[in-house]
Undergrad: 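Once you've had a glance at the structure underneath, I'll fire off some questions.
Because the structure is a prediction, the values reported are computed rather than measured.
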Amino acid sequence: MASKLEKHYDPKAIEPKWYDKWIEEDLFHGDPAAGGEPYCVVIPPPNVTGILHMGHALNNTIQDILVRWRRMQGRNVVWLPGTDHAGIATQNVVERALKKEGKTREDLGRDKFIERVWEWREEYGNTIINQLKKLGSSCDWERERFTMDAGLSDAVAEVFVRLYDKGLIYRGNYIINWCSRCHTALSDEESEHADMNGKLYYIRYPVRGDNKRDHIVVATTRPETLLGDVAVAVNPNDDRYEGIDAAEIILPVLDRPLKVIRDEFVDPEFGTGIVKVTPAHDPNDFEMGNRHGLEPINVMNGDGTMNEAAGPYEGMDRFECRKKILADLEKAKLIEKIEDHKNSVGHCYRCDTVVEPRLSPQWFVKMKPLAERAVEVVKDGSVEFVPARWTKVYLEWMENIRDWCISRQIWWGHRIPVFYCDDCGHEWAEKGAPAACQKCGADKIRQDEDVLDTWFSSWLWPFSTFGWPGSNEDLKCYYPSHDLVTASEIIFFWVARMIMAGLEFMDDIPFSKVYIHGTVRDDKGLKMSKSLGNSIDPLDIIKEFSADALRFSLTMLTATGQDVYISSEKFEIGRNFGTKLWNAARFMQMHSEGLDVSEALSSPVEDAALLCADDKHILASLSEAVADCEENLGRYRFNDAAHVLYDFVWSKFCDWYVEYSKETLYGDDADRKRQVLKVMHHVFANALKLLHPIMPFVTEELWHAMGYNASDEYIMRAQWPKSFAPDQMTEWGITPEIVSYVDSRHELVRTGRSLKADYSIAPSKKVDFVIKPADSDIAHLLEQDQVTLRNLLRAEELQLDDDYQPDKATPSALGKLGTIYMPIKGIIDPSTEIERLKEQQAQVEKNLGNVNGKLQNMDFVKKAPKHVVAQQEDKKAELIETRDKLQRLIDTLSNL
RNA sequence: GGGCGAUUAGCUCAGUUGGUUAGAGCGCUUGCUUGACAUGCAAGAGGUCACAGAUUCGAGUUCUGUAUCGCCCACCA
C-alpha cells in the first residue's frame with residue numbers, strides 16, 4: 001500500500017495537490033510529434049471579465065470528461081484554452097472603474113484608455129482561468145490564447161483584408177441597432193428582444209387640402225420619433241383614404257409638411273391603416289424611404305438625446321422627450337387615444353439598455369456567399385449537431401442569414417484595418433501600419449476609427465489559435481478539431497460563424513461534432529444570472545463539497561441537451577458518492593496488507609478454480625459497466641454514463657460484492673482471500689479509471705493510495721479499460737447462467753430480508769431460514785453457497801430441504817430459486833397473518849387475470865414473438881404456484 | 001406570427017430501436033451504534049406516464065389534435 005487513507009475524506013487537501021502535480025508533470029500538454037490519433041477540443045473562450053458560473057462549470061466539466069476520456073484511450077489530445085477580449089463588456093468594466101476616479105475614457109484619450117484596459121487585464125484577466133483550474137479542467141495551458149494576442153490580431157487583420165479585397169466586406173449607411181449607453185452599433189444578434197408592456201399612441205396629424213377630412217390618425221409606440229417623420233404611408237389598395245394622396249399632411253409640433261406615399265408594407269388591418277414614416281429611426285421606414293426617394297431626418301444623438309433637428313426638444317433624453325411631446329400633443333388635443341400594447345423591444349446584450357434603431361455608416365460582412373458551404377456541410381453530415389434538433393435551428397438561420405454589422409464605435413478591440421487618404425480619397429485595407437497612401441503616396445492618411453465586433457475574432461478561434469495564417473505542425477495536427485461543446489445561446493454568434501470562417505479560410509470544417517448542452521437554471525426554472533441574484537456559485541460548491549462532487553452531480557443531472565435545474569442540495573449526490581468510494585477503498589486497504597496490487601491490475605484471476613459465483617458475477621458486471629460507460633460517453637449521454645458507474649460502484653460492488661467478500665476476508669482460507677482481493681482490486685482499479693473523467697481528483701488520490709500507480713504512474717494517463725473478451729470469460733467460467741444464478745440469489749436474499757422486516761424483526765437478529773430449492777441443480781448450487789447465504793441473511797441456521805413441510809404459522813416467499821421459509825414458532829398472530837396473505841392472494845389473482853387475458857387473445861398468441869408468449873406462460877405458471885402456496889398457508893393458519 | 005422543448009412518484013428528473021412487475025436521487029415510513037461508510041445499512045409506502053383520439057396482438061414510447069409551462073427566432077407601426 002502506498003499510503004494509508006485517512007478515516008475522513010478531505011477533498012480540500014487533495015484537489016489542489018493533484019492539479020499541481022499534473023501541471024508539474026506536463027500531463028495536459030499535447031505535442032504533434034508524440035504521434036497517435038489527434039483529438040482536439042477548443043474551449044469556448046470565456047470573457048476576460050467573466051467569473052465562473054454554473055454554466056461554465058457544466059460546459060467545462062463536459063469538455064474535460066471528453067478530453068480525459070480520449071487521453072486515456074491513447075489519443076493525442078489538445079484542449080485549447082483561452083479568453084475573449086469581450087470588447088464592449090470589458091470596456092464597460094474599465095469605464096466603470098474610471099468613473100469611480102471621476103474620469104471618462106475621453107479624459108484619458110484613446111491610447112491611454114487602451115493602456116488602462118491592458119493593465120486591467122493583467123491584474124484581473126486571469127480570474128476565470130484560475131477558476132477553471134479549480135474545476136479540474138485539463139487544458140493545455142501552454143497553448144493558452146487571448147483574442148487580442150499579437151497572433152490572433154494578425155489573423156483578424158488578415159481575414160479582414162482578404163474579405164475586403166474579395167468584396168465581402170463593405171461600408172454603408174444603414175439602420176443598425178444602437179446602444180446609446182455603450183455608444184456603439186450592435187449586431188442583430190447582440191440585440192436581445194424582450195416583450196414589453198408598452199403603449200400604442202394614436203396621434204392626430206392635421207390635413208390640409210382635402211375636403212373629406214381635416215386630420216388623420218397614425219399610431220406609434222415611439223412618439224418622440226415623429227420629429228423625424230418625412231411622410232405618412234397608406235396601403236395602395238386601401239380605398240378608405242381616397243383623395244388623401246394629393247393632400248398635405250402637417251407634422252404636429254414642428255409644423256412640417258409631410259408627403260403621402262402608398263406602400264405595400266402598410267397593413268390596412270393594423271391601427272388606422274396609416275403609418276408615419278421615419279426613415280432614420282425605423283428599419284421598415286428606412287426601406288420605404290428608399291423606395292420612395294425620401295430623405296431621412298435624424299433627430300437623435302449617439303447618447304440617446306435629441307439633436308438640433310428635434311427643435312424645441314433638443315438636448316432632452318429620448319424618454320424625457322417622449323413624455324414632453326405627449327404632454328404637448330395632449331395640450332393641443334392631438335391625442336385621439338392611448339392603448340396598451342405588447343411589443344418586443346431590443347435590449348443591449350451587455351447593458352440591457354433599450355436599443356435604438358439608428359441610421360449610421362457601418363461596416364458589414366456579406367454573409368450569403370459564406371453561408372452556402374456552411375449549410376452544405378451540415379446537410380451532408382460533415383458537421384453534426386448533438387442533439388440533432390439544433391440542426392434545424394442552425395439551417396433556418398443560415399438560410400435566412402443577413403449581413404453582419406461588424407463595426408463598433410468603441411476603443412477596446414481590433415481596429416478596423418482600413419485607411420483613407422485625405423489627398424486622393426483612396427480607401428484600402430491593409431495589415432500593419434502604412435505610412436503613406438497606397439495609391440498616391442501622400443502621407444496624409446488616417447485609419448478608420450472603429451473597432452471590430454468581438455465575435456470577429458472568435459469566429460477564427462479554431463485555427464487562429466494554432467498560428468494561422470502561418471502554417472505549422474500544430475495546425476496540421478489539431479485542425480479540424482473534433483468536439484465543440486457549447487450552449488444553444490451562441491449557435492448564431494459563434495458556432496455558425498466558425499463553420500463559415502473555417503470553410504472560407506482553412507477550406508475545411510472547424511469541428512465535426514457540436515454538442516449543445518442545456519442551460520443551467522435555478523430550481524424555479526430561471527436562468528441563473530448574477531443580476532437576478534439566484535446564482536449558485538460553483539466555487540462555493542467546491543468549497544462546501546468538492547470539485548469532484550460538483551462535476552459528478554452536474555454530470556448526473558444533465559440529460560442530453562436538457563436544461564439543468566440546480567439547487568445546492570443536489571450536490572450531495574456527488575459528495576456522498578465520493579465518500580462512498582473513499583470508504584470502499586479504506587475497507588480494501590484494511591485487508592490488503594502485504595498484497596501486491598499491481599498483479600491484480602493485469603489480471604483479476606489467480607486460479608480460475610478458486611473463483612466463486614460472486615467473483616464471476618462482479619467480473620461480469622465490471623465488463624458490462626465498461627461497455628455501457630464507453631457507449632454512453634460515445635453518444636454524449638454523460639448522465640447515463642455517470643448513472644451506470646454510480647450503480648455499479650454503489651449497488652453492485654459495495655452493497656453486494658464487498659458485503660459478500662467479508663465471509664472470505666474475515667475467514668482463514670488464505671488462497672481464497674488472495675483471490676477475492678485480486679478480484680476486488682481489479683474491479684476497483686477499473687472503476688476508478690472509468691470514473692476518472694468525471695471525478696478526476698478523488699480517483700487520482702485513491703489510485704496512488706491503493707498503490708495502483710505501480711503499473712501506471714497517474715490514473716489520468718492510465719489505459720482506458722476494455723471489456724473482457726468472450727474467450728477470457730469462458731476460461732474463467734463466467735457464464736450467463738452463473739450471472740443469472742447470482743442475480744436470483746440476490747433476489748432470494750432480499751426476499752428473506754423482507755420476511756424479517758415484515759415481521760418487524762431487526763436485520764441483525766439471527767433467525768432460522770429454510771429454503772426449498774426449485775430443482776436439484778439449484779439445490780446443488782445453493783448448497784455450495786450456504787455460508788454466503790447465511791451471512792447475507794444474517795441467519796442463525798440455514799437449512800436446505802427438498803420437501804420441507806412448513807408448520808402452522810411459517811411465512812414464506814417464492815423466488816426463482818425456490819421458496820424461502822422463516823419458521824417463527826408462534827410469534828405471529830395467525831389472524832393478522834391470514835389477512836395479510838389474503839391481500840397478497842388478491843393481488844396474485846388480479847395479475848393472473850391479466851395474464852390469462854393475454855394468453856386467451858389469439859392475436860397475441862399468433863403475432864407476438866415466441867419469447868414474449870413464452871414469458872407470459874412462465875409468468876402464468878409462476879402465479880398459479882404462488883396462489884396455491886398462499887392458499888396452503890392460509891389453510892394451515894386457519895386450522896390453528 | 002413561426003419554430004423548438006417540456007408535461008412520468010410529494011420534489012427534481014431518467015426511461016435508447018414499441019414487448020416481463022415504468023426506474024433513480026431527494027423527501028417520507030419502519031427497523032438498525034451489523035468489525036469501510038449514519039455523507040451509512042436493511043425493508044417499505046408512493047405512479048390513470050397532462051388530456052382526447054388513432055395505429056398495433058401490445059403504446060410512457062409512434063401519429064393527429066388539445067391544454068399548460070418554458071425557450072428561441074421574427075421589421076406590424
Side-chain angles (χ1 to χ4, degrees), chain A residues 5 7 9 175 188 193 200-201 218-222 225 233 265-267 269-272 274-278 282-287 341 343-344 357 387 389-390 392-393 396-397 400 488-489 491-492 518-519 521 523 525-527 545 549 553 556-557 559 561-567 569-570 572-573 575-591 631-632 635 637 639-640 643 646-647 654-655 658-659 662 666 750 753-758 760-765 794 847 850-851 854 857-865 867-872 874-875:
Chain A
L5 290 166
K7 180 158 187 191
Y9 162 44
I175 294 266
D188 293 334
H193 287 260
L200 190 58
Y201 305 93
V218 302
T220 181
T221 52
R222 292 181 297 149
T225 64
F265 166 78
V266 183
D267 177 2
E269 306 293 314
F270 189 90
T272 57
I274 306 189
V275 185
K276 65 194 240 351
V277 182
T278 324
D282 184 278
N284 295 309
D285 292 8
F286 178 73
E287 297 291 324
H341 183 72
N343 65 345
S344 130
R389 66 184 133 92
W390 295 108
K392 210 178 148 184
V393 175
E396 193 77 22
W397 187 75
N400 299 298
S488 60
E489 286 105 75
I491 291 180
F492 306 141
T519 305
R521 298 171 188 285
D523 50 4
L526 293 167
K527 189 170 166 179
F545 302 109
S553 297
M556 194 85 164
L557 291 169
Q562 290 301 336
D563 288 351
V564 203
Y565 294 77
I566 296 290
S567 54
E569 68 271 12
K570 297 225 166 137
E572 289 173 10
I573 307 171
R575 177 200 58 185
N576 294 354
F577 188 52
T579 309
K580 192 74 183 174
L581 275 176
W582 188 266
N583 284 308
R586 279 201 327 131
F587 172 81
M588 291 166 68
Q589 271 198 348
M590 287 170 60
H591 295 279
E631 197 204 326
N632 284 316
R635 295 169 62 201
R637 301 184 67 107
N639 61 328
D640 286 344
H643 209 273
Y646 183 88
D647 179 66
C654 291
D655 289 349
V658 170
E659 287 311 313
K662 287 177 181 171
Y666 288 112
R750 259 187 237 117
R753 285 170 180 168
S754 70
L755 279 181
K756 269 190 181 177
D758 284 351
S760 303
I761 298 165
S764 52
K765 183 165 164 86
R794 296 185 171 276
N847 290 343
N850 290 343
V851 173
K854 269 195 184 173
N857 178 341
M858 289 320 284
D859 281 332
F860 171 74
V861 175
K862 276 184 200 156
K863 290 183 191 168
H867 74 276
V868 176
V869 179
Q871 275 166 4
Q872 291 299 319
D874 290 352
K875 194 174 153 191

Undergrad: With sugar-phosphate meaning primed atoms plus P, OP1 and OP2, does A:D640 contact a base, only sugar-phosphate, or nothing at under 4.0 Å between heavy atoms?
TA: sugar-phosphate

Undergrad: Look only at the side chain of A:N639 and the backbone of A:M556, and say whether a donor-acceptor pair between them is shorter than 3.5 Å.
TA: no

Undergrad: Assign A:R575 to base, sugar-phosphate, or nothing according to its heavy-atom contacts below 4.0 angstrom with the strands shown.
TA: base

Undergrad: On RNA chain B, compare the nucleotides closest to A:E631 and A:H643; which residue's is nearer the 5' end?
TA: A:E631

Undergrad: Just N and O in the side chain of A:R637: are any of them under 4.0 Å from OP1 or OP2 of B:rG15?
TA: yes

Undergrad: What's A:R750 touching, base or sugar-phosphate or nothing? Going by heavy atoms closer than 4.0 Å.
TA: sugar-phosphate

Undergrad: How is A:N400 classified with respect to the nucleic acid when contacts are heavy atoms under 4.0 Å: base, sugar-phosphate, or nothing?
TA: nothing

Undergrad: When rounded to the nearest Å, what value does the distance between P atoms of B:rA14 and B:rA24 take?
TA: 16 Å

Undergrad: Is A:Y646 touching bases, backbone alone, or none of the nucleic acid, heavy atoms closer than 4.0 Å?
TA: sugar-phosphate

Undergrad: Who are the ring pair (Phe, Tyr, Trp, His ring centres under 6.0 Å) partners of A:F587, not counting sequence neighbours?
TA: A:H591

Undergrad: What distance, rounded to whole Å, do you find between the two P atoms, one in B:rU8 and one in B:rG70?
TA: 16 Å

Undergrad: Base, sugar-phosphate or nothing for A:E659? Non-hydrogen atoms, less than 4.0 Å.
TA: base

Undergrad: Kindly write out the residues that satisfy ring pair (Phe, Tyr, Trp, His ring centres under 6.0 Å) with A:Y646, not counting sequence neighbours, or none if the list is empty.
TA: A:F577, A:W650

Undergrad: From CH2 of A:W390 over to C1' of B:rC71, roughly how many Å is that when rounded to an integer?
TA: 8 Å

Undergrad: Taking the same atom, P, in B:rU64 and in B:rG3, what whole-Å distance lies between them?
TA: 13 Å

Undergrad: Can you figure out which of B:rC4, B:rC37, B:rA77 approaches the side chain of A:T579 most closely?
TA: B:rC37

Undergrad: Hey, does the side chain of A:N576 come within less than 4.0 Å of B:rG40's phosphate (OP1/OP2), counting only N and O?
TA: yes

Undergrad: Any chance you could encode RNA chain B as dot-bracket? Rule is Watson-Crick or G-U wobble with both distances under 3.5 Å; [ ] for pairs crossing earlier ones, | for another strand.
TA: (((((((..((((.....[...)))).(((((.......))))).....(((((..]....))))))))))))....

Undergrad: My understanding is that only residues two or more places apart in sequence, or in another chain, count here; which of them pass side-chain contact (heavy atoms from CB on, under 4.5 Å) with A:A549?
TA: A:F545, A:S546, A:R575

Undergrad: OP1, OP2 of B:rC41 versus side-chain N and O of A:K580: anything below 4.0 Å?
TA: yes

Undergrad: Does OP1 or OP2 of B:rC4 have a side-chain N or O of A:K392 closer than 4.0 Å?
TA: yes

Undergrad: When the P atoms of B:rG60 and B:rU16 are compared, how many Å lie between them, rounded to an integer?
TA: 12 Å

Undergrad: With a 4.0 Å limit, can you tell me whether A:H193 has a side-chain N or O closer than that to the phosphate oxygens OP1/OP2 of B:rC73?
TA: no

Undergrad: Just call it for A:N343: base, sugar-phosphate, or nothing, with non-hydrogen atoms closer than 4.0 Å on any strand.
TA: sugar-phosphate

Undergrad: So if I take every side-chain heavy atom of A:M590 and compare against B:rG35, B:rA42, B:rA77, which nucleotide ends up nearest?
TA: B:rG35

Undergrad: Between A:R222 and A:H591, who's closer to the 5' end of RNA chain B by nearest nucleotide?
TA: A:H591

Undergrad: Within a strict 4.5 Å, meaning less than it, do heavy atoms of the A:K276 and A:T225 side chains meet?
TA: yes

Undergrad: For A:F492, check ring pair (Phe, Tyr, Trp, His ring centres under 6.0 Å) against everything at least two apart and list the hits.
TA: A:W397

Undergrad: Check salt bridge (Lys or Arg N to Asp or Glu O under 4.0 Å) between A:K662 and all other residues, then give those that pass, not counting sequence neighbours.
TA: A:E659

Undergrad: Taking atom P in both B:rA9 and B:rG46, what distance in whole Å separates the two?
TA: 14 Å

Undergrad: Could you check whether A:V277 gets within reach of a base, just the sugar-phosphate, or nothing at all, counting any heavy atom under 4.0 Å?
TA: nothing

Undergrad: Tell me: CG of A:L5 to P of B:rC37, nearest whole Å?
TA: 13 Å

Undergrad: Given A:E631 and A:R635, is the salt bridge (charged side-chain N to carboxylate O under 4.0 Å, His left out) satisfied, shown in steps?
TA: CA-CA 6 Å; A:E631 197 204 326; A:R635 295 169 62 201; 3.1 Å; yes

Undergrad: Base, sugar-phosphate or nothing for A:Y9? Non-hydrogen atoms, less than 4.0 Å.
TA: nothing

Undergrad: Please give the distance between the P atoms of B:rA42 and B:rG25 as a whole number of Å.
TA: 11 Å

Undergrad: From the options B:rA77, B:rC72, B:rU34, select the nucleotide whose nearest atom is closest to the side chain of A:R794.
TA: B:rU34

Undergrad: Using the C1' atom as the point on both nucleotides, what is the distance between B:rC49 and B:rA74, in whole Å?
TA: 36 Å

Undergrad: Looking at side-chain heavy atoms only, is the closest gap between A:P357 and A:R222 below 4.5 Å?
TA: yes

Undergrad: Please classify the nucleic acid contact of A:T278 as base, sugar-phosphate, or nothing, using heavy-atom distances under 4.0 Å.
TA: nothing

Undergrad: Taking the P atom of each, how far is B:rG2 from B:rU17, in whole Å?
TA: 30 Å

